[in-house]
J.: 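Dropping a structure here in structure tokens format, bear with me for questions.
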Amino acid sequence: MNNLAIARVLAEIGDLLEIKNENPFKIRAYRNAAETIVHLGTQVAEMTGAERLAIPGVGKDLAGKLGELVETGTVRYHQELLAEFPPTILDLLHLQGVGPKTVSLFYSGLGIRTLDELRQAAGEGRLRALKGMGAKKEALILKALDERQRVAGRRLLAEAHDAAATLVAALRGHAPEASITAVGSLRRGCETCGDIDILAAGAPAAIMEAFTNYQLVERILARGSTKSSVLIWGGFQADLRVVPRESLGAALQYFTGSKAHNIALRDRAIQRGFKLNEYGLYRLDDESLVAGDSEEAIYAALGLQWIPPELRENRGEIAAAEHGTLPRLIALGDLRGDLHMHTTETDGRADAATMASAARHAGREYIAITDHSKALAMANGLDETRALEHARRIRDLNGRIEGITILAGIECDIRADGSMDLADECLAALDIVIASVHGAFHQDEQTMTERILAAIANPHVDVIAHPTGRLILKREGYRVNTARIFAAAAAAGVALEINSQVDRLDLDDTLARAARDRGVKLIIDSDAHSPAALGNLRWGALTARRAWLEPGDVLNTLPVADFRAALRRNRR
DNA sequence: GCCGTTTTCGGCCCGACTGTTTTCAGTCG
């Protein structure tokens with residue numbers, strides 16, 4: 001049972017307890033633990049009882065339940081709760097505007113258990129008979145049911161970024177003197193975003209009208225003087241918050257979050273005799289303002305270094321900021337090389353010279369052309385003869401484009417049995433070899449792990465690309481024992497990739513941090529199949545920042561000569 | 001249910017908006 005599955009059970013217990021109207025702090029305890037476990041670098045299943053007890057937010061009771069879950073695959077407490085309610089009731093909880101109290105009311109009052117039953121009851125006007133319900137609420141629920149499919153769920157960071165950039169630009173046109181910024185999960189660089197949060201500080205009241213009248217607005221969910229919410233076409237919810245100019249820092253802090261980071265910060269404020277909200281940091285005794293116009297001042301007043309948004313997840317950043325030990329985070333500009341990209345020789349859209357020029361233009365000093373190997377027949381993958389011929393042409397090209405070094409590489413398939421798709425003599429003749437899994441995804445964990453370990457054991461392999469094979473919001477990664485992969489990669493000097501494709505980001509932030517902590521070096525690559533996609537490197541850099549990585553953790557921050565010397569094939 | 005340089009008991013983050021209300025509960029972020 002992996003951490004994701006464990007967290008789901010804990011979160012579902014939280015949902016069920018909420019419908020039962022249980023103690024809210026007990027509910028929070030289950031949700032906190034679930035959130036922490038999702039982002040744990042280690043599998044709970046492989047921990048000892050004492051190690052589980054050391055997880056923040058896990059006490060004696062939850063440690064026991066984790067043990068039960070890992071050993072039996074289920075928890076009695078969870079099953080008992082599920083016996084009290086039909087499991088389909090949890091679907092109702094995910095409707096816009098419907099929370100646990102309402103779900104409980106529907107169930108106890110009308111026996112509603114499913115979305116279909118709810119739709120029917122609302123359509124027949126039966127909901128308004130319930131206490132606190134009226135015709136308007138009924139109509140809202142019907143709308144929420146219709147929008148469920150389209151709006152449900154989260155979207156890729158890159159999509160959210162594009163939608164937000166357009167919206168922010170439009171708002172700035174209406175209030176050029178105001179400070180207008182995208183905040184929330186977007187500013188933290190989360191791999192997916194549930195909505196778009198925008199903050200306007202020092203903007204005229206009319207900005208709210210500009211927002212709700214924005215041409216792409218499909219429906220207005222809420223409209224007030226300081227806060228409005230809309231649905232925009234394409235399925236995003238967008239929220240705008242307006243605060244006075246002097247509250248810019250407090251509001252940036254407050255709306256950037258995350259929830260867990262904010263709760264910890266406000267708790268810290270209380271302990272020090274302050275109150276923190278979106279308008280400022282105030283003394284509890286006389287309500288006087290301590291800080292508010294800048295984030296730096298607020299963190300400083302709480303005895304902390306300013307914390308980069310990407311770290312604000314309550315994963316140790318507050319303690320580090322207190323001790324002045326925050327990392328010097330890597331930035332996109334630190335990346336001198338991009339070692340994974342494709343050309344028209346296989347499934348890319350441009351030739352090597354075009355890719356090299358574009359990479360140079362994007363600020364890179366060196367690249368590697370790494371087309372596919374023959375196992376990917378669909379992509380016109382290279383056999384040994386073509387791979388060596390392609391390499392010869394790339395080396396001819398090297399030196400002809402000012403300011404960029406071009407290495408001849410390959411993205412070689414790791415076959416189902418763990419052998420490499422190309423002969424060792426071919427791999428040995430190249431400048432860099434990236435190895436990756438592109439087929440037989442459904443092997444069991446043992447087989448998949450041995451398969452990748454076999455690739456790491458091949459002395460010609462320098463990098464493992466997209467090590468888990470996940471596609472965000474589409475496909476979970478293959479089952480693999482990452483702890484063993486990290487140990488082997490660290491020992492062999494094989495680098496692991498953070499693949500920057502918008503729907504890969506693989507390794508993710510949690511695993512990249514865990515890998516670094518186990519002594520693995522990382523490489524951040526675009527895996528571009530076109531010149532434009534070279535720009536995806538920014539998402540990989542963002543992921544690395546969320547993983548707490550410093551430039552020294554990432555090989556392609558090195559100048560080209562040092563980079564080559566650091567590759568496994570050239571190390572002694 | 002968790003947690004402790006004030007605490008092993010008594011706390012646990014904060015505010016805006018909506019709908020159905022005669023002062024507030026529920027939802028959301």
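Lettering follows sequence order; numbering is per chain, from 1. Side chains are part of it too, since the values below use all heavy atoms of this structure and drop only hydrogens, waters and symmetry mates.
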J.: Going 5' to 3' along nucleotides 22-29 of chain B, which nucleotides have protein heavy atoms under 4.0 Å from the base (write B), which only from the sugar-phosphate (write S), and which from neither (write -)?
T.: ----SSSB
J.: Is a salt bridge present between A:Glu322 and A:Arg268, judged by a nitrogen-to-oxygen distance below 4.0 Å?
T.: yes
J.: Expected output is a numbered-order residue list: members of residues 304-323 of chain A with a heavy atom under 4.0 Å from any atom of DNA chain B. What is it?
T.: none
J.: What does A:Leu276 touch in the nucleic acid at a heavy-atom separation under 4.0 angstrom: a base, only the sugar-phosphate, or nothing?
T.: sugar-phosphate
J.: Please determine, by modelled atom types, if A:Asp116 and A:Thr114 share a side-chain donor-acceptor pair under 3.5 angstrom.
T.: no
J.: Taking the minimum atom-to-atom distance to the side chain of A:Ser225, which one of B:dT18, B:dC17, B:dC2 wins?
T.: B:dC17
J.: Taking only the C1' atom of each, what is the distance from B:dT6 to B:dG10 in whole angstrom?
T.: 13 Å
J.: Would you kindly say whether A:His39 and A:Arg513 are connected by a side-chain donor-acceptor distance under 3.5 Å?
T.: no
J.: Give the ring-plane orientation class for A:Tyr299 versus A:His261, where under 30° counts as parallel, over 60° as perpendicular and anything between as tilted.
T.: tilted
J.: So what's B:dT18 paired with, Watson-Crick or G-U wobble, going by both distances under 3.5 Å?
T.: B:dA25
J.: Other residues, nucleotides and ligands only: do more than 12 of their heavy atoms fall within 6.0 Å of CZ on A:Arg328?
T.: yes
J.: Touch check for A:Ala135, heavy atoms < 4.0 angstrom, all strands: base, sugar-phosphate only, or nothing?
T.: sugar-phosphate
J.: Checking contacts here: which listed nucleotide (B:dG19, B:dG15, B:dG1) is nearest the side-chain heavy atoms of A:Asn23?
T.: B:dG1
J.: So, does A:Lys275 get its side chain near the phosphate of B:dG15, meaning an N or O under 4.0 Å from OP1 or OP2?
T.: yes
J.: Figure out the OH/P separation between A:Tyr30 and B:dC2, and round it to whole Å.
T.: 7 Å
J.: Is the cationic atom of A:Arg283 (NZ for Lys, CZ for Arg) positioned less than 6.0 Å from the six-membered ring centroid of A:Phe274 and within 45 degrees of its normal?
T.: no
J.: Roughly how many Å apart are B:dT22 and B:dG29, using the P atom of each and rounding to a whole number?
T.: 27 Å
J.: Rounding to an integer number of angstrom, what distance separates B:dG26 and B:dT21 when you compare their P atoms?
T.: 13 Å
J.: Indicate, with a heavy-atom threshold strictly under 4.0 Å, whether A:Asn277 touches base, sugar-phosphate, or nothing.
T.: sugar-phosphate
J.: Which atoms form the tightest heavy-atom contact between A:Ala512 and A:Ile498, and what is the distance?
T.: CB-CD1, 3.9 Å
J.: To the nearest 0.5 angstrom, please state how far the CG atom of A:Leu311 sits from the CZ atom of A:Arg546.
T.: 8.5 Å
J.: Does either side chain, that of A:Asn536 or that of A:Ser526, offer a donor lying less than 3.5 Å from an acceptor on the other one?
T.: no
J.: Taking the side chain as C-beta and beyond, is there a heavy-atom pair between A:Arg245 and A:Asp293 under 4.5 Å?
T.: no
J.: When the C1' atoms of B:dC3 and B:dT7 are compared, how many Å lie between them, rounded to an integer?
T.: 9 Å
J.: Considering only the C1' atoms, how many Å lie between B:dT18 and B:dT23, rounded to the nearest integer?
T.: 15 Å
J.: What's the closest nucleotide to the A:Lys26 side chain, out of B:dT18, B:dC17, B:dG1?
T.: B:dG1
J.: Please give, in whole Å, the distance from B:dC3 P to A:Arg28 CZ?
T.: 13 Å
J.: Which nucleotide in the set B:dC14, B:dG1, B:dA16 lies at the smallest distance from any side-chain heavy atom of A:Arg241?
T.: B:dA16
J.: Need one value for A:Ile27: base, sugar-phosphate or nothing, where a base atom within 4.0 Å counts as base even if backbone is also close, heavy atoms only.
T.: nothing
